[in-house]
Amino acid sequence: MKILLFGRSGQLGSEIVPRAEKLHFDVVSPVLSELDITDEQGVESFVAQVKPDIILNCAAYTAVDDAEEDRPGAFSVNASAPRYLAQAAKKSGTRLIHLSTDYVFDGSAKEPYTEESPTLPINVYGESKLAGEQGILEVLGDSATIVRTSSLHGQHGANFVHTMLELFALKETLSVVTDQIMSPTWAGWLAGVLLDLCRIKEGGIYHACSGGAVSWFDFAQEILRLADGDFSVELEPVPASTFPRPAARPAYSVMSCDKLTKLLGRAPLSWNDGLQRHLRDIKRLKGE
Ligand SMILES: NC(=O)c1ccc[n+]([C@@H]2O[C@H](COP(=O)([O-])OP(=O)(O)OC[C@H]3O[C@@H](n4cnc5c(N)ncnc54)[C@H](OP(=O)(O)O)[C@@H]3O)[C@@H](O)[C@H]2O)c1
């Protein structure tokens, strides 16, 4: 099976490539300098030339705060480009699997969001990602697969786990937010799920995030407990209002993965197990 993967240098894409190769998928994965997915004509001819069985789109504009000042940039990559991918997929009879986000929700819920919950993004990034979903559904309907995930962390790129490990080594006290609840998701687990979805011809929207929910503060505490470094840092719980940021974040962005669980026949990895797997990868890379 031939996969055309966009976003291979990103946090998620870089976890997919080695796993896909191990499973004997034929992976074609141009980087941004080889193909900019905001180039409608370029996308169409690339897809026509490669003739993939599946387009897997992990490319995105993910700078949530920058997006507030760069609405055209965010919409170009997160809304227009997915539509171009959908059009090219339709023309060539290719399946499309596209990544989206928990930030399509406003965070006012008190229980996990389902795929049917009303969307209402509260920042430009979320608006642009929702527009991307809508564009794909307009072109391909339910034959497209849209996978919403949450708070990714993995061994490649900047993420909360890496930031905490750096700060634990530098700080005596560290303030971490308590009033934002989410499901931190290990990119390695999600990469495996996406490759399973490549083999299952089911379209529609699916939530795919870790099992369980946690605040950033509790997540940081668990990172500190498991990291077994020589840290003397004290964590201080603070409200999000302590750190004003350009983009608002949902206070609660936990998603139900029941639909995915039914499809795959297994429950998601818990956030805690995902964290342990990530920390193991870090140790392995350090040769410890
Ligand atoms: N990170 C999270 O916490 C999170 C949470 C929920 C959902 N998601 C979604 O999950 C997906 C993967 O996220 P991620 O964290 O892996 O993102 P990431 O690390 O920021 O990677 C984004 C990738 O997109 C590529 N890209 C950006 N603009 C492009 C363009 N115009 N043409 C071609 N490629 C382009 C980047 O290439 P360069 O490296 O060359 O710039 C990079 O490879 C995205 O759809 C994101 O919205 C992420």
Side-chain angles (χ1 to χ4, degrees), residues 4-17 28-43 46-47 55-67 70 72-85 88 96-105 107 113 119 121 123-133 135-136 144-163 180 182-191 193-194 197 205-210 216 219 247 249-250 253-255 257 271 274 278:
L4 174 53
L5 170 71
F6 294 111
R8 77 164 292 159
S9 57
Q11 189 167 210
L12 179 58
S14 49
E15 298 277 358
I16 292 174
V17 174
V28 178
S29 51
V31 290
L32 173 55
S33 56
E34 293 164 314
L35 180 66
D36 184 333
I37 58 167
T38 65
D39 171 1
E40 184 173 8
Q41 198 52 53
V43 165
F46 200 89
V47 171
I55 299 171
L56 175 50
N57 182 33
C58 299
Y61 183 117
T62 55
V64 174
D65 286 323
D66 294 353
D70 183 18
F75 270 75
S76 172
V77 183
N78 293 345
S80 303
R83 181 182 283 273
Y84 303 153
L85 296 177
L96 173 63
I97 301 179
H98 171 76
L99 268 295
S100 190
T101 173
D102 53 342
Y103 280 19
V104 297
F105 298 115
Y113 288 98
T119 52
N123 59 39
V124 171
Y125 166 75
E127 282 178 47
S128 68
K129 292 293 290 183
L130 181 60
E133 292 186 5
I136 289 173
T145 307
I146 293 172
V147 179
R148 293 182 184 143
T149 191
S150 164
S151 313
L152 290 177
H153 61 90
Q155 58 180 313
H156 306 277
N159 56 59
F160 185 79
V161 175
H162 294 171
T163 305
Q180 282 169 358
M182 37 79 226
S183 305
T185 301
W186 179 49
W189 168 80
L190 183 58
V193 166
L194 291 168
L197 290 177
I205 298 179
Y206 287 87
H207 290 173
C209 56
S210 283
W216 291 113
F219 190 40
R249 264 74 173 169
S253 63
V254 181
M255 298 189 291
C257 296
W271 67 262
H278 181 179

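First listed ligand is number 1; within each ligand, the first listed atom is number 1.
Counting heavy atoms under 4.0 Å from ligand 1, residue Leu12 touches it through both backbone and side chain. Contacts between Arg148 and ligand 1, counted as non-hydrogen atom pairs separated by less than 4.0 Å, are absent for every part of the residue. At a heavy-atom distance under 4.0 Å, atoms from both the backbone and the side chain of Ala59 approach ligand 1. If you look at Thr149 next to ligand 1, the close heavy atoms, those under 4.0 Å, come from the backbone and the side chain alike. With a 4.0 Å cut-off on non-hydrogen atoms, Ser100 touches ligand 1 through its backbone and not its side chain. With a 4.0 Å heavy-atom cut-off, ligand 1 is reached by the side chain of Tyr125 but not by its N, CA, C or O.
For ligand 1, the atoms lying closer than 4.0 Å to a non-hydrogen atom of Ser9 are 37 (O), 38 (P), 39 (O), 40 (O), 42 (C), 43 (O). Interface atoms of ligand 1 facing Leu35, defined by a heavy-atom separation under 4.0 Å, are 32 (N), 33 (C). Atoms of ligand 1 found under 4.0 Å from any heavy atom of Thr101 (numbered from 1 in listed order, with element): 6 (C), 7 (C). In the vicinity of Lys129, heavy-atom distances shorter than 4.0 Å reach the ligand 1 atoms 44 (C), 45 (O), 46 (C), 47 (O).
Among protein heavy atoms, the minimum distance from atom 28 (N) of ligand 1 is reached at Val77 CG1, 3.8 Å. Nearest protein neighbour of atom 41 (O) of ligand 1, counting heavy atoms only, is Leu32 CD2, 3.9 Å. For atom 21 (O) of ligand 1, the closest non-hydrogen atom of the protein is Gly10 CA, 3.3 Å. Nearest protein heavy-atom neighbour of atom 17 (O) of ligand 1: Thr62 CG2, 3.5 Å. Of the protein's non-hydrogen atoms, the one nearest atom 11 (C) of ligand 1 is Leu99 CB, 3.7 Å.
Side-chain atoms of Glu34 come within 3.5 Å of backbone N or O of Val31 as a donor-acceptor pair. In this structure, Asn78 contributes its side chain and Ala60 its backbone to no donor-acceptor pair below 3.5 Å. Using modelled atom types, one side-chain atom of Ser150 and one backbone atom of Ser183 make a donor-acceptor pair closer than 3.5 Å. Between the side chain of Thr185 and the main chain of Ser151, no donor-acceptor pair closer than 3.5 Å is present. With Ser253 contributing its side chain and Met182 its backbone, the two residues share no donor-acceptor pair below 3.5 Å. Checking side-chain atoms of Arg249 against main-chain N and O of Ala247 turns up a donor-acceptor pair under 3.5 Å. Using a distance-only test at 3.5 Å, with no hydrogens or angles considered, a donor-acceptor pair links the side chain of His162 to the main chain of Gly154. Without hydrogens or angle criteria, Tyr113 side chain to Gly107 main chain gives a donor-acceptor distance under 3.5 Å.
Residues Gln11 and Thr62 are not in side-chain contact: their nearest non-hydrogen atoms beyond the backbone lie 4.5 Å or more apart. Thr149 is not listed as a side-chain neighbour of Leu12, based on a closest heavy-atom distance of 4.5 Å or more.
In terms of polar-atom proximity, Cys58 is not counted as a contact of ligand 1, lacking any N or O under 3.5 Å from an N or O of the ligand. An N or O contact shorter than 3.5 Å is missing between Asp102 and ligand 1 by distance. Of the N or O atoms in Gln11, one or more lie within a sub-3.5 Å distance of an N or O in ligand 1. Polar contact check, Asp36 against ligand 1: a nitrogen or oxygen pair lies under 3.5 Å apart.
Between Glu15 and His156, the shortest heavy-atom contact is OE2-CD2, 4.0 Å.
Counting heavy atoms only, Leu152 comes closest to atom 10 (O) of ligand 1 of the residues Thr185, Leu152, Leu5. For atom 22 (C) of ligand 1, the choice among Ala60, Ser253, Ala187 with the nearest heavy atom turns out to be Ala60. Taking each of Gly13, Ser29, Ser151, Ala158 in turn, the one with a heavy atom nearest to atom 5 (C) of ligand 1 proves to be Ser151.
Between His207 and Phe105, the ring-plane angle classifies as perpendicular under the 30° and 60° cut-offs.
Of the listed residues (Phe160, Trp216, Phe219), just one forms a ring-ring contact (aromatic ring centres under 6.0 Å, His included) with His153, and that residue is Phe219.
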